[in-house]
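Input: a single structure, listed below in structure tokens.
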Amino acid sequence: MIVEMKTGASKDAVDTVVQRAKSLGFNIQLNRGTDKVVVAILGSNTGQVATDIFAVLPEVESVTRIMKPYKLASREFMGRDSIVSVNGIEIGGKCVVIMAGPCAVESEKQLMEAARAVKKAGASVLRGGAFKPRTSPFSFQGLEEAGLKLLEKARKQIGMPVITEVVDPHEVDLVAGSSDILQIGSRNMQNYALLTEVGKSRRPTVLKRGFSCTITEWLTAADYILAEGNDQVILCERGIRTFEDSTRFSLDISAIPVLKRSSHLPVIVDPSHAAGHFALVPAMARAAIAAGADGLLIEVHPNPKEALVDGLQSLTPSDFSRLMVELRAIASSIGRYI
Ligand code: PEP
Ligand code: MN
């Protein structure tokens with residue numbers, strides 16, 4: 001249930017609503033806008049309580065039941081767009097933020113070369129997996145803690161914030177210690193223990209879409225992070241399973257405008273895992289920005305032929321820098337910039 005206070009409502013009036021909700025055993029989340037306060041009343045049985053209980057309280061403008069399963073991620077909860085700030089980089093504002101780097105951290109040389117190249121081309125965040133959630137237990141699982149150390153080194157030497165994936169709820173603090181943005185991968189979108197721990201960390205978090213999940217399931221998963229008080233959530237469309245097998249996954253471009261209508265969270269797109277092939281990545285990256293994405297997550301490897309993971313879908317540094325020129329043109333044509 002969402003209680004919207006009147007413009008300029010007093011602190012006492014807001015407290016009255018909060019106390020009433022708490023006395024009924026509900027949790028609350030407050031959203032203080034510039035001139036309005038909105039109180040989200042959360043609990044599995046809010047549906048059993050009449051909205052009048054809150055509507056009669058002083059300085060309450062309206063009380064709305066949220067029929068959608070997601071609440072905190074919804075537009076109803078927050079009318080304005082959320083902006084996630086990472087070291088002064090704003091994700092969700094006018095700037096389209098490009099995150100790029102190798103699928104997996106493989107060696108110091110590989111990571112530093114990739115970092116230098118993507119920074120030179122204009123990327124503002126370095127990606128690189130240290131813990132890799134591989135479909136097969138026999139595939140390369142990442143350099144793990146040694147990979148985190150290399151990411152720390154690249155962050156310091158190249159001067160770029162770092163995004164890397166966390167796969168285990170017990171490793172959230174460890175991974176957060178070496179990175180600026182936590183990534184929850186497609187396979188873990190509904191790992192609720194992991195979502196809760198990442199929520200507690202209050203770190204900027206990219207939540208990738210589960211490849212067999214609906215947008216509603218995705219936003220409801222985002223609520224797990226938001227409910228812990230972490231409002232720094234960025235959604236990442238990375239392709240879904242369909243009957244089509246000429247690409248690795250089907251990039252759901254329509255998810256971008258759908259999310260923009262139903263949620264206040266920033267939306268980025270990973271064209272690399274959707275395409276599965278370097279030749280298809282540029283067109284999908286261009287389409288994502290044209291459709292309103294707030295950023296991209298792109299795999300770039302200094303030598304894709306030698307990559308231990310996802311070489312076929314990785315761009316070379318020169319392909320990436322050519323793509324960046326095109327992306328800038330598209331961003332500026334829709335009043336944004338890179
Ligand atoms: C990744 O970005 O490193 C990755 C594994 O992607 P996804 O979780 O989307 O498969
Ligand atoms: Mn990959």
Side-chain angles (χ1 to χ4, degrees), residues 97-106 110-111 114 118 123 125-137 139-144 147-148 150-151 162-168 171 175 178-191 194-195 198 204-213 215 217-218 221-222 225 233-242 247-253 255-256 267-278 280-281 284-285 288 293 295-316 320:
V97 174
I98 309 297
M99 310 182 187
C103 178
V105 177
E106 297 168 8
Q110 171 247 19
L111 185 64
V118 299
V125 177
L126 175 65
R127 69 147 289 152
F131 293 91
K132 296 301 303 174
R134 304 306 302 281
T135 303
S136 162
S139 303
F140 174 57
Q141 303 287 312
L143 296 183
E144 304 183 340
L148 292 180
L150 292 177
L151 285 169
V162 158
I163 174 169
T164 197
E165 180 161 353
V166 56
V167 296
D168 184 329
E171 288 168 354
V175 176
S178 302
S179 59
D180 303 280
I181 307 176
L182 296 171
Q183 175 176 324
I184 296 188
S186 187
R187 289 155 191 80
N188 273 317
M189 190 204 85
Q190 289 179 306
N191 179 339
L194 181 62
L195 299 177
V198 163
T205 299
V206 164
L207 178 63
K208 294 189 105 181
R209 180 180 187 175
F211 49 69
S212 297
C213 291
I215 290 176
E217 286 163 339
W218 187 10
I225 306 174
V233 178
I234 302 156
L235 303 165
C236 179
E237 163 62 38
R238 48 78 72 213
I240 52 175
R241 276 267 150 80
T242 67
T247 47
R248 189 173 175 190
F249 294 91
S250 295
L251 184 66
D252 185 6
I253 285 282
I256 306 163
V267 181
I268 67 168
V269 166
D270 171 352
S272 307
H273 287 88
H277 195 291
F278 66 91
L280 305 175
V281 170
M284 293 158 89
L296 296 174
L297 183 65
I298 303 184
E299 288 187 340
V300 178
H301 194 288
N303 185 1
K305 291 189 188 73
E306 302 291 322
L308 295 182
V309 194
D310 285 348
L312 187 61
Q313 69 194 33
S314 298
L315 298 186
T316 61
F320 177 66

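Counting convention: from 1, in listed order, for ligands and their atoms alike. Residue indices begin at 1 and follow the sequence shown.
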Does NZ or CZ of Arg241 come closer than 6.0 Å to the centre of the six-membered ring of Phe249, within 45° of the ring's axis?
no
Would you find a donor on one side and an acceptor on the other, under 3.5 Å apart, between the side chain of Ser179 and the backbone of Thr164?
no
Exercise. Checking Lys305 side chain against Leu312 main chain: does a donor-acceptor pair fall under 3.5 Å?
Worked result: no
Check: Do Val125 and Ile98 come within less than 4.5 Å of each other through their side chains, counting heavy atoms only?
Finding: no
I'd like to check Ile268 versus Val97 (side-chain heavy atoms, cut-off strictly below 4.5 Å). Are they in contact? no
Heavy-atom contacts under 4.0 Å to ligand 1, chain-then-number order, include exactly Arg127, Lys132, Glu165, Gln183, Gly185, Ser186, Arg187, Lys208, Arg238, His273
Paired with Asp270, the side-chain contact (heavy atoms from CB on, under 4.5 Å) test is passed by just one of Arg209, Glu299, Gln183, Lys208, namely Lys208
Q: With the side chain counted from C-beta on, respond yes when Arg127 and Ile181 share a heavy-atom pair under 4.5 Å apart, and no when they do not.
A: no
When every non-hydrogen atom of Cys213 is compared with those of Ile240, the smallest separation belongs to O-CG2, 4.5 Å
Q.
Please determine whether salt bridge (charged side-chain N to carboxylate O under 4.0 Å, His left out) holds for the pair Asp310 and Arg248, giving the CA-CA distance in whole Å, both sets of side-chain angles, and the decisive distance to 0.1 Å.
A. CA-CA 11 Å; Asp310 285 348; Arg248 189 173 175 190; 3.3 Å; yes
So the protein N/O/S atoms within less than 2.8 Å of the Mn ion (ligand 2) come down to Cys103 SG, His273 NE2, Glu299 OE2, Asp310 OD2
